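A short worksheet on the structure shown next.
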Amino acid sequence: MNNVYTHGHHESVLRSHSWRTAQNSAGYLLEQLRPGMSLLDVGAGPGTITADLARLVGPGRTTALEANAAALDITRAAFENLDLDVEFVVGDVHALDLPDDTYDVVHAHQVLQHVADPVQALREMRRVCKPGGIVAVRDSDYHGFVWYPQLPELDEWMELYQRMARANSGEPDAGRRLLSWALAAGFDNVEATTSTWAFTNPADRAFWGGMWADRILQSALADQARASGVPEETLTAISQAWRTWTDTPDATISILHGEILCRA
């Protein structure tokens, strides 16, 4: 299937993705991991979560999967100076070119919101997972984002992102749908939880707000918005609103995520 990654791989995107760790992005999974497990990380991105997971399951083998060679090169670069047993594979999560019953753990972070058929993706993740193994998925839920102050341009940002993601056949509110998708994929043992990222202090605001102030102007999302007819002044106003939010002493944002642990 033709999957479109709405964010792309501009520096403004990788800046935020490289902040992610197993601790801040896969806490729901960590107590399930043991040394010697085999693990597949679907949509490994810049590899920061992948590396943490690889350390936890070592000496077991970790496989990092990305949708194309260019994205996988970004992942591979993160491991150049790390002594970890990781292999790198290009593949489509809808039709993985991997044998049945291969991995103890199959993990995906912020992936299903971008794929054309999340249920089929979960079926494939289940197929390559060993019987009794774990399929672990975490996705954000954009309409579950809560921020203060209520700047109207940030409402425009949300509407714009929802529209662009859905034009790419994505589901930006994936977090609330994970349990439904897992049941539709045939899992009958699913633990569903939620967690949040919170950016509430000056350093956090500078990171998150500054990242989005740049991303709305320079990223695949920004290019798509321009191509769809969004005026440049609209993007500039949204960017400035993120900078205003960053500089507001009592500004906060809470970002909701859905999580599922599925037994294969």
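Throughout, residue positions are numbered sequentially from 1 according to the sequence presented. Because the structure is predicted, anything quoted here is derived from the model rather than measured.
- Within the structure, ring-ring contact (aromatic ring centres under 6.0 Å, His included) contacts touching residues 22-50 (residues at least two apart or in different chains) do not occur.
- Take R123 and apply the side-chain hydrogen bond (donor to acceptor under 3.5 Å, both in side chains) test, not counting sequence neighbours, and it matches Q120.
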Stepwise ring pair (Phe, Tyr, Trp, His ring centres under 6.0 Å) test for W212 and F145: CA-CA 14 Å; W212 267 109; F145 290 19; 8.6 Å; no

Which atom pairs, donor and acceptor, lie under 3.5 Å between side-chain atoms of residues 253-261 and protein residues at least two apart or in another chain?
from: H257; atom 1: ND1; to: R138; atom 2: NH2; distance (Å): 3.3
from: H257; atom 1: ND1; to: I255; atom 2: O; distance (Å): 3.2
from: H257; atom 1: NE2; to: Q110; atom 2: NE2; distance (Å): 3.1
from: E259; atom 1: OE1; to: T193; atom 2: OG1; distance (Å): 2.5
from: E259; atom 1: OE2; to: R138; atom 2: NE; distance (Å): 3.1
from: E259; atom 1: OE2; to: S195; atom 2: OG; distance (Å): 2.3

Pair H109-V137, side-chain contact (heavy atoms from CB on, under 4.5 Å): steps then yes or no: CA-CA 6 Å; H109 185 263; V137 175; over 6 Å; no

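- Applying the side-chain hydrogen bond (donor to acceptor under 3.5 Å, both in side chains) rule to E11 yields the partners R15; only residues at least two apart in sequence or on another chain are considered.
- Note: W147 and W208 fail the aromatic proximity criterion, with ring centroids not under 6.0 Å apart.
- Residues meeting the salt bridge (Lys or Arg N to Asp or Glu O under 4.0 Å) test with E159, sequence neighbours left out: R163.
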For residues 63-74, run the donor-acceptor check on the side chains, cut-off 3.5 Å, and write out each pair with its distance to 0.1 Å, sequence neighbours left out.
from: T63; atom 1: OG1; to: E87; atom 2: OE2; distance (Å): 2.6
from: T63; atom 1: OG1; to: Y103; atom 2: OH; distance (Å): 3.0
from: E66; atom 1: OE2; to: A44; atom 2: N; distance (Å): 3.4
from: E66; atom 1: OE2; to: G45; atom 2: N; distance (Å): 2.8
from: N68; atom 1: OD1; to: A70; atom 2: N; distance (Å): 3.2
from: N68; atom 1: OD1; to: A71; atom 2: N; distance (Å): 2.8
from: D73; atom 1: OD1; to: R76; atom 2: NH1; distance (Å): 2.9

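- In this view, D155 satisfies the side-chain hydrogen bond (donor to acceptor under 3.5 Å, both in side chains) rule with no residue, not counting sequence neighbours.
- Between G132 and R263, the shortest heavy-atom contact is O-NH1, 3.0 Å.
- Within the structure, no pair that satisfies the side chain to side chain donor-acceptor pair (under 3.5 Å) test touches residues 181-192, not counting sequence neighbours.
- Applying the ring-ring contact (aromatic ring centres under 6.0 Å, His included) test to every pair with at least one member in residues 53-88, sequence neighbours left out, gives these pairs: F79-F88.
- Counting only residues at least two apart or on different chains, the ring-ring contact (aromatic ring centres under 6.0 Å, His included) pairs with a member in residues 110-134 are Y5-H114, H7-H114.
- Without hydrogens or angle criteria, S219 side chain to I216 main chain gives no donor-acceptor distance under 3.5 Å.
- For residues 240-250, the pairs satisfying side chain to side chain donor-acceptor pair (under 3.5 Å) are D214-R243, with sequence neighbours left out.
- Applying the side-chain hydrogen bond (donor to acceptor under 3.5 Å, both in side chains) criterion to D173, with sequence neighbours excluded, gives H143, Q162, R166.
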